[in-house]
Asks: 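Structure incoming, see below.
Lettering follows sequence order; numbering is per chain, from 1.
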There are 2 protein chains.
Amino acid sequence: MTRVAYVNGRFVPFNEAGVHIEDRGYQFADGVYEVIAFANSRLIDLAGHMIRLERSLGELRIRRPLPPRSLELVMAEMIRRNRLSSGILYLQVTRGVARRDQAFPPQATPPALVMTVRTVHGPSDVMIAEGVSVVTVPDQRWKRVDIKSIALLPNVLAKQEARAKRAFEAWMIDGMGNVTEGSSTNAWIVTKAGELITRNATNAILNGITRLAILSLAGEAGLDLTERPFSQVEATDAAEAFLTSTTSWVLPVVKIDGNRIGDGRPGPVSRRLRAAYADAIRAQIERHARRA
Amino acid sequence: MTRVAYVNGRFVPFNEAGVHIEDRGYQFADGVYEVIAFANSRLIDLAGHMIRLERSLGELRIRRPLPPRSLELVMAEMIRRNRLSSGILYLQVTRGVARRDQAFPPQATPPALVMTVRTVHGPSDVMIAEGVSVVTVPDQRWKRVDIKSIALLPNVLAKQEARAKRAFEAWMIDGMGNVTEGSSTNAWIVTKAGELITRNATNAILNGITRLAILSLAGEAGLDLTERPFSQVEATDAAEAFLTSTTSWVLPVVKIDGNRIGDGRPGPVSRRLRAAYADAIRAQIERHARRA
């Protein structure tokens with residue numbers, strides 16, 4: 001079966017999916033993206049992703065490439081044409097093609113819209129059961145990482161450092177010694193006193209859709225929850241740590257820079273929240289199936 | 001005449017010059033670039049640009065797409081095929097095309113190389129004679145702007161802010177209240193005591209090739225020169241200010257955030273350095289013509 005991509009209004013074979021070299025995404029990282037999981041052909045947490053996409057576009061003053069309803073139709077068609085029932089959909093919008101000049105091009109320049117879908121392999125059963133390691137790196141990113149932009153070079157370097165050290169993720173440390181987040185995941189800890197902490201959503205982190213879902217589930221579960229910066233030292237001293245993302249869900253972190261967290265095994269809060277998130281996704285899919 | 005671009009080993013019509021949507025330049029800003037002026041078919045300050053390109057690639061551990069000598073042959077061929085004797089050559093190297101994953105792809109992935117050339121309109125005679133305005137904006141960029149990467153989104157936003165305020169450039173102010181540089185130019189001032197100052201080249205600025213040339217010319221001219229951070233206040237109180245870049249050469253700045261600098265006219269140091277740089281370029285071209 002030929003994989004299909006969507007590029008600026010057309011469904012094209014994936015291998016032939018190209019953009020012009022003067023697309024501002026290629027020359028200036030002048031664009032935004034979303035990664036949305038789907039299961040049973042149902043896009044998970046779609047509303048949250050669409051809201052964030054609108055916000056990212058608004059912050060950068062990039063025009064919507066399509067009205068939201070049309071965008072959702074294209075996404076559904078991408079899933080259908082690729083004959084996948086579960087996987088991830090990648091969507092990128094840039095400020096379009098224009099003669100190279102840093103400032104915005106004329107208003108008439110249409111934004112570019114590109115989509116792919118593919119199968120995804122989430123964390124393995126072993127990773128879920130035993131947890132993963134993270135390393136810390138200085139947070140070198142720009143000051144508006146709340147915008148989900150494609151200016152991801154610092155994230156690339158951080159993730160590569162993790163990979164080189166055989167860790168799953170890099171947690172980034174700001175100038176105050178606090179953890180901001182992972183290169184593609186949000187960071188959480190549970191203190192020995194049982195307080196669940198994740199960094200508050202300012203310009204210093206990307207407000208993950210899974211992060212929001214977990215906040216909500218933690219609230220429902222009556223957990224002692226605080227959104228605030230936490231330090232690298234607090235993280236190392238924590239009873240539990242975990243990370244969240246669209247593809248990882250809730251994944252226990254059992255080592256930070258080689259230091260064992262708690263007893264070195266996934267803790268009860270991580271396990272409980274992972275189970276709650278799995279239930280929430282299942283419920284979303286079932287609601288969708290009943291409506292269809 | 002058809003404009004020609006170079007894309008991964010092939011000379012192609014500019015309008016058809018495309019890269020795959022999974023080129024890491026498009027999804028991660030995982031690449032670097034150079035902009036090199038040419039006149040009389042001679043690439044100006046080529047050696048400096050090649051050294052900086054090597055450095056940028058090295059810092060990001062992106063492989064060379066071609067040996068330096070081959071790269072120079074392709075550049076010369078681009079100028080020839082586009083039948084331009086003067087203009088600018090744009091060159092971009094990314095980590096290549098790979099399944100989307102933040103960490104570096106396997107070693108075997110070839111880097112991507114793209115080039116365009118075009119005519120360039122430097123500053124107008126009026127701008128040179130009367131000087132230009134700049135506005136200040138917070139420096140929101142990442143911590144490694146010494147690497148000439150394509151992660152230029154913060155520069156785009158800064159330049160657009162300048163454009164919206166009818167200024168030529170945005171000077172970026174760091175957390176200490178010091179000027180780092182412009183969104184695509186280096187920043188210089190001359191104090192009332194006659195000290196010529198430009199920020200020292202650390203990770204906080206891009207070490208401009210024209211900046212280096214001007215430093216050298218200022219040294220030869222026996223000017224009182226210091227490379228150090230200077231504050232926004234010092235800039236506003238300066239006797240003269242100017243900016244440097246590949247396309248602007250030395251361009252006087254006569255207003256910062258609406259405040260007149262000195263007497264509001266280009267000063268003698270700016271004029272002298274611009275003339276010296278013009279002479280140096282002329283000499284480069286003549287040396288080249290004699291050799292050819």
Side-chain angles (χ1 to χ4, degrees), chain A residues 5 7 12 14-31 33 35 59-61 88 90 92 94-95 99-104 114-116 118 138-144 147 149-164 170 175 183-184 203, chain B residues 5 7 12 14-31 33 35 59-61 88 90 92 94-95 99-104 114-116 118 138-144 147 149-164 170 175 183-184 203:
Chain A
V7 182
V12 296
F14 177 79
N15 288 337
E16 297 163 23
V19 291
H20 193 266
I21 56 173
E22 285 199 341
D23 186 301
R24 293 176 59 92
Y26 197 56
Q27 298 192 318
F28 295 122
D30 193 7
Y33 73 106
V35 178
E59 290 295 311
L60 298 183
R61 286 168 289 153
I88 51 170
Y90 176 82
Q92 176 169 334
T94 76
R95 207 181 303 274
R99 181 178 190 278
R100 189 179 184 280
D101 178 36
Q102 283 189 348
F104 297 174
V114 163
M115 270 183 232
T116 59
R118 71 171 199 223
D139 192 338
Q140 303 199 104
R141 299 173 302 163
W142 75 313
K143 297 197 168 63
R144 290 303 307 278
I147 301 169
S149 85
I150 55 174
L152 291 170
L153 180 54
N155 305 62
V156 163
L157 298 178
K159 188 72 94 184
Q160 178 60 24
E161 192 163 334
R163 191 69 51 91
S183 65
S184 62
N203 294 349
Chain B
V7 182
V12 295
F14 177 80
N15 289 337
E16 296 164 23
V19 290
H20 194 265
I21 57 173
E22 284 198 341
D23 185 301
R24 292 175 60 92
Y26 197 56
Q27 297 192 320
F28 294 123
D30 193 6
Y33 74 106
V35 178
E59 290 296 309
L60 298 183
R61 285 168 287 155
I88 50 171
Y90 176 83
Q92 176 170 334
T94 75
R95 207 181 303 275
R99 182 177 191 278
R100 189 179 183 282
D101 179 35
Q102 283 188 347
F104 297 173
V114 164
M115 269 183 233
T116 59
R118 71 171 199 222
D139 193 337
Q140 301 199 108
R141 300 173 301 163
W142 76 314
K143 295 196 169 64
R144 290 302 308 276
I147 300 168
S149 86
I150 55 174
L152 292 170
L153 180 55
N155 305 60
V156 163
L157 298 177
K159 187 73 95 186
Q160 178 60 23
E161 192 162 334
R163 191 70 51 93
S183 66
S184 62
N203 295 348

Asks: At a heavy-atom separation under 4.5 Å, does B/Y90 approach chain A through its side chain, its backbone, both, or neither?
Replies: side chain
Asks: Heavy-atom pairs under 4.5 Å with chain B are the metric here; pick the option from A/A151, A/S149, A/S183 that has the most.
Replies: A/S183
Asks: Is chain B contacted by the side chain of A/E22, its backbone, both, or neither, given a heavy-atom distance below 4.5 Å?
Replies: side chain
Asks: Just so I understand: if I count every heavy-atom pair under 4.5 Å between each of A/D30, A/V35, A/I147, A/T116 and chain B, which residue has the most?
Replies: A/D30
Asks: Students often mix this up, so state it plainly: with edges at 30° and 60°, are the rings of B/Y26 and A/Y26 parallel, tilted or perpendicular?
Replies: tilted
Asks: In terms of heavy-atom pairs under 4.5 Å with chain B, which of A/V156, A/N155, A/D139 leads?
Replies: A/V156
Asks: Where on B/Q27 is there a heavy atom nearer than 4.5 Å to chain A: the side chain, the backbone, both, or neither?
Replies: both
Asks: Taking side chain as everything from C-beta outward and backbone as N, CA, C, O, which of these in B/N15 sits under 4.5 Å from a heavy atom of chain A? Side chain, backbone, both or neither.
Replies: backbone
Asks: Distance check, rounded to the nearest 0.5 Å: B/E59 atom CD versus A/L157 atom CG?
Replies: 10.0 Å
Asks: What part of B/V114 lies closer than 4.5 angstrom to a heavy atom of chain A: side chain, backbone, both or neither?
Replies: side chain
Asks: Considering only heavy atoms, which portion of B/R141 lies under 4.5 Å from any heavy atom of chain A: side chain, backbone, both, or neither?
Replies: backbone
Asks: Drop me the distance from A/E16's CD to B/I21's CD1, to the nearest 0.5 angstrom.
Replies: 11.5 Å
Asks: Between B/R163 and A/D101, is there a side-chain heavy-atom distance shorter than 4.5 Å?
Replies: yes
Asks: May I ask you to name which of B/V7, B/L152, B/N203 has the most heavy-atom pairs under 4.5 Å with chain A?
Replies: B/L152
Asks: Report the C-alpha separation of B/K159 and A/F28 in whole Å, then their side-chain angles, then the decisive distance to 0.1 Å, and conclude whether the side chain to side chain contact (heavy atoms under 4.5 Å, CB included) test is met.
Replies: CA-CA 12 Å; B/K159 187 73 95 186; A/F28 295 122; over 6 Å; no
Asks: Side chain from CB out, backbone as N, CA, C, O: work out which of these in A/F104 comes under 4.5 Å of a heavy atom of chain B, or both, or neither.
Replies: both
Asks: Heavy-atom distance under 4.5 Å to chain A: side chain of B/A5, backbone, both or neither?
Replies: side chain
Asks: Go through the atoms of B/R24 and report whether side chain, backbone, both or neither lie under 4.5 Å from a heavy atom of chain A.
Replies: side chain
Asks: Check whether A/R118 reaches the backbone of B/R100 with its side chain - one donor and one acceptor, N or O, closer than 3.5 Å.
Replies: yes
Asks: Closest approach of A/H20 and B/A17, non-hydrogen atoms and distance?
Replies: CD2-O, 3.2 Å
